[in-house]
Amino acid sequence: MSTPPQFERRDAIGQAVRGTLIVGGVGTMLSAIQNSLSKQNVGAFGVITRTGGTIGMFAAMGGSYMFVRNATANLREKDDSWNPTIGGFVAGAILGTRFRTMPAVVGYGTGLAAVLGLFDYTGGSLTGLFKDPNVDEVARKEHLRKNRRRPLEETIEAIGESRGIHAQGYEERRRERLAEKFGVEFPNVKS
């Protein structure tokens with residue numbers, strides 16, 4: 001029977017600073033977008049003065065999520081899906097404080113906790129849980145293309161000749177159709 005790997009403690013403060021800076025940068029970009037889309041001309045400093053709350057909210061959410069996630073892992077000495085769930089609840093609760101009602105705090109906290117907990121539980125990747133790390137990604141995609149590609153004749157049989165898909169001898173068949181329809185030879189017609 002194999003023993004589980006030994007838990008390694010994480011730097012919660014360092015990760016919180018990193019999360020604050022990264023998610024705060026995203027908040028700065030969103031604040032700049034909000035500022036540029038406003039109907040009033042508020043100038044460049046409007047990013048901070050007018051829509052700066054967005055920057056603060058995103059920075060607080062990112063920092064609190066990373067701190068609580070890593071501090072929870074350190075306290076529990078486990079690395080499982082409960083850590084991002086608890087961190088997501090705290091970050092969502094911070095987002096809910098913007099609306100100044102307790103149902104919003106609990107609702108946003110629960111919603112973000114569910115999303116982040118499920119994301120981590122299902123593998124923490126948008127590309128899939130059961131991906132083999134030993135397989136070269138380029139070779140895998142080339143295999144999928146070769147495996148899934150239909151022959152041209154089968155495609156033409158299914159949808160017909162049109163939309164830029166033409167089989168061998170298309171120009172001759174087209175000249176014949178034009179000659180039948182209009183009764184005139186078209187020797188130099190190209191598709």
Side-chain angles (χ1 to χ4, degrees), residues 1-38 47-48 50-149:
M1 197 165 163
S2 65
T3 61
Q6 187 68 22
F7 176 77
E8 292 184 24
R9 298 186 70 75
R10 300 176 183 170
D11 180 18
I13 302 286
Q15 290 294 318
V17 169
R18 183 173 179 235
T20 301
L21 292 175
I22 291 171
V23 181
V26 172
T28 303
M29 285 190 281
L30 289 175
S31 178
I33 291 169
Q34 284 178 329
N35 187 46
S36 66
L37 294 177
S38 68
V47 172
I48 297 169
R50 188 169 181 272
T51 58
T54 304
I55 300 170
M57 185 63 64
F58 271 75
M61 285 176 59
S64 66
Y65 169 74
M66 291 303 286
F67 177 79
V68 171
R69 176 183 170 191
N70 291 306
T72 304
N74 289 340
L75 290 172
R76 296 176 64 235
E77 294 185 356
K78 290 182 184 177
D79 189 17
D80 57 5
S81 297
W82 286 106
N83 301 329
T85 303
I86 296 167
F89 182 81
V90 172
I94 288 176
L95 178 63
T97 58
R98 189 172 215 170
F99 300 100
R100 297 185 178 140
T101 64
M102 197 60 177
V105 171
V106 173
Y108 278 92
T110 304
L112 197 55
V115 168
L116 292 174
L118 283 172
F119 179 70
D120 188 73
Y121 182 75
T122 57
S125 172
L126 296 176
T127 59
L129 176 62
F130 301 108
K131 189 176 269 191
D132 187 8
N134 299 326
V135 175
D136 181 34
E137 188 67 19
V138 175
R140 185 185 75 82
K141 287 187 177 184
E142 286 177 357
H143 171 71
L144 286 175
R145 284 190 191 103
K146 289 178 185 175
N147 192 21
R148 303 279 188 234
R149 185 172 288 167

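Along the sequence shown, residues are numbered consecutively beginning with 1. These values consider heavy atoms only, across backbone and side chains, with no hydrogens, waters or symmetry-generated copies.
- Applying the side chain to side chain contact (heavy atoms under 4.5 Å, CB included) rule to K141 yields the partners E137, R145; only residues at least two apart in sequence or on another chain are considered.
- Rounding to the nearest 0.5 Å gives a distance of 10.0 Å between CD of E8 and CG of D79.
- Separating the CG atom in L112 from the CD1 atom in I94 is a distance of 10.5 Å, to the nearest 0.5 Å.
- Not counting sequence neighbours, V115 has no partner by the side chain to side chain contact (heavy atoms under 4.5 Å, CB included) test.
- Applying the salt bridge (Lys or Arg N to Asp or Glu O under 4.0 Å) test to every pair with at least one member in residues 92-119, sequence neighbours left out, gives no pairs at all.
- In this structure S81 satisfies the side chain to side chain contact (heavy atoms under 4.5 Å, CB included) test together with D120, Y121, sequence neighbours excluded.
- Pairs engaging residues 87-106 under the ring pair (Phe, Tyr, Trp, His ring centres under 6.0 Å) rule: F99-Y108 [sequence neighbours left out].
- Between the side chain of T110 and the main chain of G107, no donor-acceptor pair closer than 3.5 Å is present.
- Qualifying side chain to side chain contact (heavy atoms under 4.5 Å, CB included) partners for D80, counting only residues two or more places apart in sequence or in other chains: R76, K78, W82, N83.
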Only pairs under 3.5 Å count here: list side-chain donor-acceptor contacts from residues 67-75, not counting sequence neighbours, and write none if there are none.
from, atom 1, to, atom 2, distance (Å)
N70, OD1, R10, NH1, 3.3
N70, ND2, M66, O, 2.8
T72, OG1, V68, O, 2.5
N74, OD1, R10, N, 2.8
N74, ND2, R10, O, 2.8
N74, ND2, N70, O, 3.4

In residues 18-34, what donor-acceptor pairs under 3.5 Å come from side-chain atoms, sequence neighbours left out?
from, atom 1, to, atom 2, distance (Å)
T20, OG1, A16, O, 2.7
T28, OG1, G24, O, 2.8
S31, OG, V47, O, 2.8
S31, OG, T51, O, 2.9
S31, OG, T51, OG1, 2.6
Q34, OE1, T54, OG1, 2.8

